Structure formats: structure tokens, C-alpha cells
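Here's the structure, in C-alpha cells; my notes come after.
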Amino acid sequence: MRLSRFFLPTLKEDPKEAQIVSHRLMLRAGMIQQSSAGIYSWLPMGFRVLKNIERIVREEQDRAGALEILMPTIQPADLWRESGRYDDYGKEMLRITDRHERDMLYGPTNEEQVTDIFRTHVKSYKNLPLNLYHIQWKFRDEVRPRFGIMRGREFLMKDAYSFDLDYEGAKTAYNNMFVAYLKTFARLGLKAIPLRAATGPIGGDLSHEFIVLADTGESEVFYHKDLLTQKTPDRDNYTAEELQEIVDQWTSFYAAADDMHDPDKCDVSGDDLVTRRGIEVGHIFHFGDKYSNAMGATVAGAEGKDVTVSMGSYGIGVSRLVGGIIEASHDDDGIIWPESVAPFKVGLINLKSGDDACDGACDDFYSKLMTAGVDALYDDTAGRAGEKFAKMDLIGLPWQATIGPRGVKSGMVEVKNRGTGEKQELSTDDALNLLVGKA
RNA sequence: CGGGGCGUAGCACAGCCUGGUAGUGCGCUCGCUUUGGGAGCGAGAGGUCGCAAGUUCGAAUCUUGCCGCCCCGACCA
């Protein structure tokens, strides 16, 4: 993509409403535009990152055996009356009345909707286990939206729902998602730690939240330092026993958010206990028959009798992750995107647009990158060098390739790693090989 | 939901107290000079001062009401 043809409204100054770093950088890097409190438009740069995160989340859900569907944003109130949550949910639920005076709502979550799908079509234990997920916009009318995209009212969430015949099956489904989450967050370049969590209004008796460590996180977390050095599971198709082992291993270390942390009951000694701040980016629940019972989601068991299915739900805040990743990965100059989610892999800087030699070398290098399938943003604009460097650092592409009058004669390209700041002068071919290898 | 703050050009802000032709910097457009870390000079474009009512000869400025947004706390993917 040529920058001259792109839409990238960057800002030199900090918008005053943006207090935390991810919000500031997202606005400055032209990723989002606020529409109203807690509601944002996604501009091309932001949308690309959002889609990359969504893609990774989807791939890992698919690998874990979950099946993607798409449920609507607008739901009928009657479904929620069945579960009893229409009255329980309170003002966070955005309620809408259609032209026929029917009560509708903008879904804050989809347990009722998915349970309705399940009970309509699944009648036999032979069709279990089943895990259905979707990646859809949610709306929760938060009293106080803040932190930009991190706590919006409208947000993109992956939510999966598992259906099993009994508790043991449900626990395996839960463990399966637990492991899928470890893999997902690792691919996103994040250190995410699972914490035992209170189950809250969704109900149930087993729940973990996944926290990304970042200094600007909303809550304080306490954990054993060895938790961060655990090996991320990397295989597919673990058996139930293997899943349990992995979960047992990861949960054997002490980890608690401030609301669950009790210094008296914490047996981790001083140096081993780490205290940091974190952002919740995922949450998994086992809640048994809370919804299946209320809504009549039963299947015929092996003995021919109806059995109420055991369910769990598993959320990942996809849009929140955009902010979460920035919180976890930035410096004074701007964002540092992990390669897996970067909007482009390489930023190509033409230091002297309008100069025939520079233009020629850059155009040539750019077309080679494209031919090699490297997603590059080519700054072919007439700006000055400093301005181009600053902008490239701000938007945080993992690799920068700079071609200017100095190197063009000798056929050299300067390649910079945005994360480490390391620069190297390479021949065009070597630079190309390096960047192709990374993409 | 309790407490606090702010609405003036795309962004950051001054002007308001003490009413009298709407300003500054950045950004944007054009020209020239520059060109390896957010350039210099010159010339431009861009604002019904959040909305409404009131006071006044006259309101960005004073009064009242409304709307919007942000921050702190309690609550949440």
C-alpha cells in the first residue's frame, strides 16, 4: 500500500480526552475515531489490526474444534425472559422497541440465543460434545465507558458456548478452551496469565479470567513468578487427560486479582510473588445447567431419558485486545506491533520522494516486497525525513526499510527493527531476504 | 450511580473575570528555499465560539435551562 493512496490521519499532538497510552496512540496513529461515549469507528489502520486479531482468535477456536456461527446483534426480549435475565440485567442492557412495540435488545452476550439454537436442533447425546462460537459486536451500556476502545460500550467479542452431557464432559470442554486461550494469547505476542475468578452474574462454579500484564492495567494481580515461564502448549488434539494436566500445571501456581488476593492465605514467599497490573482480555466459565435448565435444552441420553446439558461460555475481548496489545507493547515514540497482528509487516520509507534515483530504488524495492507477498506500507509522500521516521515509529510497523540518497548509490537499504531499535545496512537482496523471512 | 472538570478552526489552546471587528501554535493549500529524526520564508483556506432562551444598543464573554464529552470512585469482555 502506498501511503499516498492510504487513509492515515495521524496526529502530532495528544488529544486531551485520551488519558491512557493505548487510547492516545490509537487516536494519534489514526486507528479509530470516537463517535460517542464508548463507541468508535475503526479507520483502516485500526481495522487491519482488529481483523488480524480476529483472524488469530478464529484460527485457534477452529483448531480447538469449536464451530463458527454468527448470531444477530439484536435479540428478542422473550428469550431473555425465559432465562430470567431480562429483569436481572439492569440498565447495562440496551433495550429497544420495534415498530410493532415488541421488546428487543442489543445483545450484551448470547447465552440465551445460542441455547435456543441448540435446543431447536440437537436432540441426542450422540451429537455432543458441541462448541459453537461467534465473533460479533456486543453492546453493554456501561455507566462509565473509558480508556478508549478498552472499555467501550460497543465492543467486538468472541464468545464460544460448549454443550456436554455431563460435568466431566463440560470440564474437558472448559479445559480445551483454557488451553486454546493460552495458545491464542501467545500468538498475539502477549503474556497472559490465567486467574481464578469469581463467577459473577453469569453464574456457575468454575471460572478463570486471562489477564495481560501492562503497567496501565485496571486491576492489580499477584502471581508466582514462575507462571510466566511456563511453556505454552503447542499441539492440537490433546486428550482429555492431557488437557487436564496442562490446566493443572498452569493453575498450580498462585495467581489472583486484587479482589481475590488474600495475603494471609497466599503461601508464596516474598521474592517469588510478583505484583503487577493487568487487563482482562478473556474469561471462561463453566455454569452447568443454568441456561439449559431454564430454557429446556435437553438431549436424549444413552438410556433414552432426557438429560439437561451442561454448558460453559468462553469470551475473548477482540476489540479490547487492540488496546491491550498497545498497552503491553509501546515506547515513547509510539506503538510496537507484534508481527502477528501488525497492520503491515514493513514500512518502506523513501527519504527523498521526487528524486529519480530514490524513487526508482524505492519503487523497485516495493514491487519486490509485493511480489514476495510481504505486506508493506510504502511512504512515497513528499514529507521530510524526520517526519517520516516519526510517523513510522508512531504507527509501529515491526520493520522499517529506509532508502535515501546516501544508500541509493551503493544499493543499500537500512533495515530497522521497531522493537529493538536495531538498524543494519543491507544490500537490497539481503534486506529483501530478511524481510521475506519475517513475513 | 456519587463527586469533579471541560465544550472557541482537523488537533492543542488563548480570549471570558472587566460585554464592543474571533486569535495563537501545529496541521491543511499554493510558491520558493530546504531535505538522514516531526524545517524556513511568503501567500492562502478554514469557526453561526455545543444548543436554546434571557439581559443589553451590542453577548464567545453576563444569567438560566438543556445537550455532549472527559476525569476520580463503586461496577464490568
Side-chain angles (χ1 to χ4, degrees), chain A residues 9-20 23-24 27-28 30 33-39 57 89-93 107-111 135-160 181 192 197-202 207-212 218-219 257 259 279-285 313-324 332-334 349-355 358 379 381-395 400 402-408 412-414 416 421 423 425:
Chain A
T10 56
L11 298 171
K12 262 174 95 166
E13 292 174 275
D14 291 330
K16 70 170 173 185
E17 76 271 15
Q19 294 300 310
I20 68 164
H23 190 194
R24 229 168 27 228
L27 289 169
R28 286 195 51 208
Q33 178 174 332
Q34 181 166 8
S35 168
S36 61
I39 302 178
V57 169
Y89 218 93
K91 287 188 159 184
E92 272 198 7
M93 183 153 78
T109 177
N110 290 68
E111 279 82 4
I135 299 173
Q136 177 63 291
W137 292 92
K138 306 290 190 290
F139 197 92
R140 294 185 191 172
D141 201 357
E142 298 277 348
V143 222
R144 191 186 158 209
R146 65 186 122 164
F147 305 145
I149 220 68
M150 300 258 287
R151 174 91 73 85
R153 292 193 291 171
E154 188 183 52
F155 58 97
L156 186 62
M157 182 164 95
K158 184 285 299 180
D159 39 328
Y181 276 31
T199 48
I202 293 190
S207 173
H208 284 87
E209 49 188 331
F210 287 77
I211 299 284
V212 171
E218 292 187 70
S219 54
D259 57 328
I279 301 159
E280 182 182 356
V281 290
H283 207 151
I284 60 179
F285 301 90
S313 76
Y314 315 92
I316 290 181
V318 175
S319 50
R320 172 179 283 188
L321 274 165
V322 180
D332 289 346
D333 296 324
I349 298 176
N350 183 346
L351 274 187
K352 196 169 183 180
S353 297
D355 176 89
C358 276
D379 188 346
T381 64
R384 302 171 58 78
E387 180 187 340
K388 291 188 176 191
F389 287 131
K391 182 177 282 189
M392 211 49 98
D393 285 346
L394 171 64
I395 65 177
Q400 297 173 11
T402 301
I403 297 178
R406 190 192 290 169
V408 80
M412 300 300 271
V413 179
E414 182 184 279
K416 172 177 152 182
K423 295 176 188 169
E425 290 278 339

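Side chains are part of it too, since the values below use all heavy atoms of this structure and drop only hydrogens, waters and symmetry mates. All values reported here derive from a predicted model rather than from experimental measurement.
- With sequence neighbours excluded, the residues that form a side chain to side chain contact (heavy atoms under 4.5 Å, CB included) with A:Glu414 are A:Thr402, A:Lys423, A:Glu425.
- Here A:Ser319 lies out of heavy-atom contact (under 4.0 Å) with every strand.
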Dump every N/O contact between nucleotides 4-6 of chain B and the protein below 3.5 Å, one line per pair.
from  : atom 1 : to      : atom 2 : distance (Å)
B:rC6 : O2'    : A:Lys16 : NZ     : 3.1

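- Across the protein-nucleic acid pair, A:Ile349 atom CD1 and B:rG38 atom C1' stand 12 Å apart, rounded to whole Å.
- Counting any heavy atom pair closer than 4.0 Å across all strands shown, A:Asp159 reaches no nucleic acid atom.
- Here A:Arg153 lies out of heavy-atom contact (under 4.0 Å) with every strand.
- If you check every strand for non-hydrogen atoms under 4.0 Å, A:Lys158 touches nothing.
- Contact annotation for A:Gly152: base contact, defined as any heavy-atom pair under 4.0 Å involving a base atom.
- For A:Asp141, the salt bridge (charged side-chain N to carboxylate O under 4.0 Å, His left out) partners are A:Arg153, not counting sequence neighbours.
- Among the nucleotides B:rG38, B:rA77, B:rC71, the one closest to the side chain of A:Gln19 is B:rC71.
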N/O-N/O pairs, protein side and nucleotides 33-36 of chain B side, under 3.5 Å:
from   : atom 1 : to       : atom 2 : distance (Å)
B:rU34 : O2     : A:Arg384 : NH1    : 2.6
B:rG36 : O2'    : A:Arg406 : NH2    : 3.1
B:rG36 : O6     : A:Arg406 : N      : 3.4
B:rG36 : O6     : A:Gly407 : N      : 3.4
B:rG36 : N2     : A:Glu414 : OE1    : 2.9
B:rG36 : N2     : A:Glu414 : OE2    : 3.2

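- Counting any heavy atom pair closer than 4.0 Å across all strands shown, A:Glu13 reaches a base atom.
- The side chain of A:Glu17 approaches B:rA12 more closely than any other nucleotide in the set B:rA12, B:rG37, B:rC72.
- Partners of A:Glu154 under the salt bridge (charged side-chain N to carboxylate O under 4.0 Å, His left out) rule, at least two apart in sequence or in another chain, do not exist in this structure.
- The base-pairing partner of B:rA74, taking Watson-Crick or G-U wobble contacts with both distances under 3.5 Å, does not exist among the strands shown.
- Distances were taken from every side-chain heavy atom of A:Arg320 (C-beta onward) to each of B:rC70, B:rC76, B:rC1; the shortest belongs to B:rC76.
- Using atom P as the reference point in both B:rA45 and B:rG4, the two lie 45 Å apart (nearest Å).
- Remark: A:Lys352 engages no residue in a salt bridge (charged side-chain N to carboxylate O under 4.0 Å, His left out) (not counting sequence neighbours).
- Pair assignment for B:rG27 gives none, since no Watson-Crick or G-U wobble pairing has each distance under 3.5 Å.
- One can place CD1 of A:Ile395 at 18 Å from P of B:rG38, the figure rounded to the nearest angstrom.
- Ranking B:rG38, B:rC71, B:rC76 by closeness to the A:Ala390 side chain, first place goes to B:rG38.
- Base pairing of B:rG7 is made with B:rC67, judged by Watson-Crick or G-U wobble geometry with both donor-acceptor distances under 3.5 Å.
- To the nearest angstrom, P of B:rC75 lies 18 Å from CE of A:Met150.
- In this entry B:rC32 has B:rG40 as its Watson-Crick or G-U wobble partner, both defining distances falling under 3.5 Å.
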